[in-house]
Amino acid sequence: MPELPEVETIARALRPHLTGRTILGAQVSWARTLALPSARSFKHRIQGQQILEVGRRAKYLHMRLSRDSLLIHLRMTGDLSLGEASAAERFERLRLSLSRPAPEEAALTDRFLIFSDARKFGRVWLTSKPGLILDGLGPEPFSDEFTPAWLHAALKSRRRLLKPLLLDQTFLAGLGNIYTDEALHRARLHPLRSSDSIRPRQAQALWEAIRAVLEEGILNNGASLDWVYRGGEFQNHFRVYDQEGQPCPVCGAKIRRLVVGQRGTHFCPRCQRME
DNA sequence: CACGAGACCTGTTCGC
DNA sequence: TGCGAACAGGTCTCGT
């Protein structure tokens, strides 16, 4: 479930539990979860490091530790939870054991941070140079750098279909399949429009739509789908995503689905025209 | 540079 | 009921 709003929700939920605590050890149950370094050195190196800060960049959870950074990417089905029991969770891939919480947080009883991931696509990096992974990403949608003018210029500088371009994390960081479809619908732009055909007013509309959709996602604690559940509510606010055949909430036309860049793409054929 | 296909993985749902 | 196909919130790599 993890696009920007879901990762942001997770970061906010974990922050008060993790900040200041020390990682006592790591248990790896699916070795390929670790992108860097190997399981052996990961366990050795993470031991004893304190968690200084819990943040997010794009769809990465970024934990600053005393010596390294811990980056976690949930991909399709990854999930993070806090636990007290030592019994392994159903899809557990990695478990970090934590020091006791500070005395003023004595109410916290969790002892583990658990990474679960049914499809095993998620990855974790322990590195002293997080920039090598994060610096190539596009701007954060809520940063000052992301402006309507920037977006218009960036769209014009390429010749790509809107849908796949917005999914490209080196173009703009944080959008995934759900929020891209929702943003294009709000901006009344067809997903197959070529990026270099977008006029300034349309770029402005898209900019507003991207921010509005992500904001609404965060306010609703992200979207929960299928059996991967996080307590988010945004799935109840989808206007087009996964709504094939349903009436468009704006004009009543039937929402259509097509495949673009191998991703299911949902849009309103009346609101989102090709011109 | 842009695009499509195939990989990486497992679970659920749908159609016959 | 059973069984295969299609589908799933993401990203990387390779060939054209």
Side-chain angles (χ1 to χ4, degrees), chain A residues 1-11 29-36 56-61 71-80 88-94 115-125 132-134 136-138 141 154-184 191-197 210 213-214 216-218 220-245 257-266:
Chain A
M1 35 159 300
E3 302 180 34
L4 185 154
E6 288 76 27
V7 181
E8 180 65 29
T9 298
I10 293 169
S29 35
W30 177 254
R32 290 165 67 177
T33 293
L34 299 175
L36 260 180
R56 177 195 59 76
R57 166 76 171 112
K59 301 175 191 171
Y60 291 84
L61 194 82
L71 297 175
I72 302 175
H73 198 304
L74 273 18
R75 295 281 175 91
M76 294 285 257
T77 54
D79 195 8
L80 287 166
E89 304 221 332
R90 181 158 179 223
F91 301 118
E92 178 170 330
R93 309 298 176 205
L94 173 68
F115 173 72
S116 308
D117 185 13
R119 290 178 71 181
K120 301 178 175 172
F121 289 164
R123 291 292 179 268
V124 173
W125 295 255
L132 291 181
I133 295 156
L134 303 178
L137 295 164
L155 291 168
K156 301 294 273 188
S157 75
R158 318 225 193 165
R159 193 185 243 101
R160 304 261 312 265
L161 302 181
L162 280 185
K163 169 78 188 252
L165 182 57
L166 292 174
L167 287 174
D168 182 343
Q169 301 297 297
T170 69
F171 178 77
L172 179 64
L175 288 178
N177 210 33
I178 293 176
Y179 294 91
T180 298
D181 282 3
E182 294 294 324
L184 287 171
L192 297 180
R193 278 283 296 276
S194 182
S195 64
D196 63 341
S197 76
I210 289 168
V213 155
L214 292 175
E216 196 183 345
I218 292 171
N220 285 280
N221 297 314
S224 314
L225 291 189
D226 303 333
W227 37 281
V228 184
Y229 180 70
R230 272 220 80 77
E233 291 293 335
F234 188 63
Q235 69 279 8
N236 300 320
H237 301 265
F238 293 164
R239 300 187 188 181
V240 288
Y241 181 80
D242 202 23
Q243 304 299 308
E244 184 182 17
R257 175 183 189 275
L258 38 104
V259 175
V260 184
Q262 307 175 102
R263 311 300 303 277
T265 296
H266 315 77

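Every value quoted in this text rests on a predicted model; they were computed, and no experiment measured them. Sequence lines set the chain letters: A, B, ... in the order given, protein chains first and strands last, and positions in each chain run from 1.
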_Measuring to OP1 and OP2 of B:dC8, would you say a side-chain N or O of A:Arg75 lies under 4.0 angstrom away?_
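Result: no.
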*Reckon A:His73 has a side-chain N or O less than 4.0 Å from the OP1 or OP2 of C:dT11?*
yes
*Would you please enumerate the stems DNA chain C participates in, each stem being three or more consecutive Watson-Crick or G-U wobble pairs with both distances under 3.5 Å?*
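Runs of three or more consecutive pairs: B:2-8 with C:10-16, B:10-16 with C:2-8.
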[X] vs [Y] side-chain heavy atoms within contact, under 4.5 Å:
| X | Y | answer |
| --- | --- | --- |
| A:Leu4 | A:Tyr179 | no |
| A:Asp117 | A:Leu74 | no |
| A:Phe238 | A:Leu225 | yes |
| A:Leu162 | A:Pro191 | no |
| A:Ile178 | A:Val213 | no |

With rounding to whole Å, what would you report as the distance between [N] and [M] at their [atom1] atoms?
| N | M | atom1 | value |
| --- | --- | --- | --- |
| C:dA5 | B:dG6 | P | 16 Å |
| B:dC14 | C:dG9 | P | 16 Å |
| C:dG2 | B:dC9 | C1' | 24 Å |
| C:dT1 | B:dG11 | P | 22 Å |

*asked:* Under 5.5 Å centre to centre and under 30° between planes: does that hold for A:Phe121 and the six-membered base ring of B:dC8?
replied: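 So yes, this residue stacks on that base, both cut-offs being met.
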Students often get this wrong, so: under 4.0 angstrom with heavy atoms, is [X] touching a base, only sugar-phosphate, or nothing?
| X | value |
| --- | --- |
| A:Arg93 | nothing |
| A:Leu161 | sugar-phosphate |
| A:Tyr179 | nothing |

Starting at atom [atom1] of [X], determine the distance to atom [atom2] of [N], rounded to an integer number of angstrom.
| X | N | atom1 | atom2 | value |
| --- | --- | --- | --- | --- |
| A:Lys120 | C:dG9 | NZ | C1' | 19 Å |
| A:Asp117 | C:dG9 | CG | P | 15 Å |
| A:Glu3 | C:dA8 | CD | C1' | 12 Å |
| A:Arg123 | B:dC8 | CZ | P | 11 Å |
| A:Gln169 | C:dG10 | CD | C1' | 8 Å |
| A:Leu155 | B:dC1 | CG | P | 17 Å |
| A:Phe238 | C:dA8 | CZ | C1' | 12 Å |
| A:Lys59 | C:dT11 | NZ | C1' | 9 Å |

*If only atom types and distance count, is the side chain of A:Gln243 paired as donor or acceptor with the main-chain N or O of A:Tyr241 below 3.5 Å?*
yes
_Donor-acceptor pair, side chain of A:Ser194 and main chain of A:Arg159, under 3.5 angstrom_ = no
_A:Arg158, CZ: over 12 other non-hydrogen atoms inside 6.0 angstrom_ =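 Atom CZ in A:Arg158 is packed in, count exceeds 12.
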Please determine, for the side chain of [X], which listed nucleotide ([options]) has the closest atom?
| X | options | value |
| --- | --- | --- |
| A:Arg119 | C:dG9, C:dT11, C:dA8 | C:dA8 |
| A:Gln262 | B:dT12, C:dG10, B:dA5 | B:dA5 |
| A:Met76 | B:dA2, B:dC8, C:dA8 | C:dA8 |
| A:Phe91 | C:dG9, B:dG6, B:dT10 | B:dT10 |
| A:Arg257 | B:dC9, C:dC7, C:dT11 | C:dC7 |

*Do the charged groups of A:Asp181 and A:Lys163 touch, with an N to O distance under 4.0 Å?*
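So A:Asp181 pairs with A:Lys163 through a salt bridge.
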_Check: A:Arg158 side chain, B:dA2 base, donor-acceptor under 3.5 Å_ = no
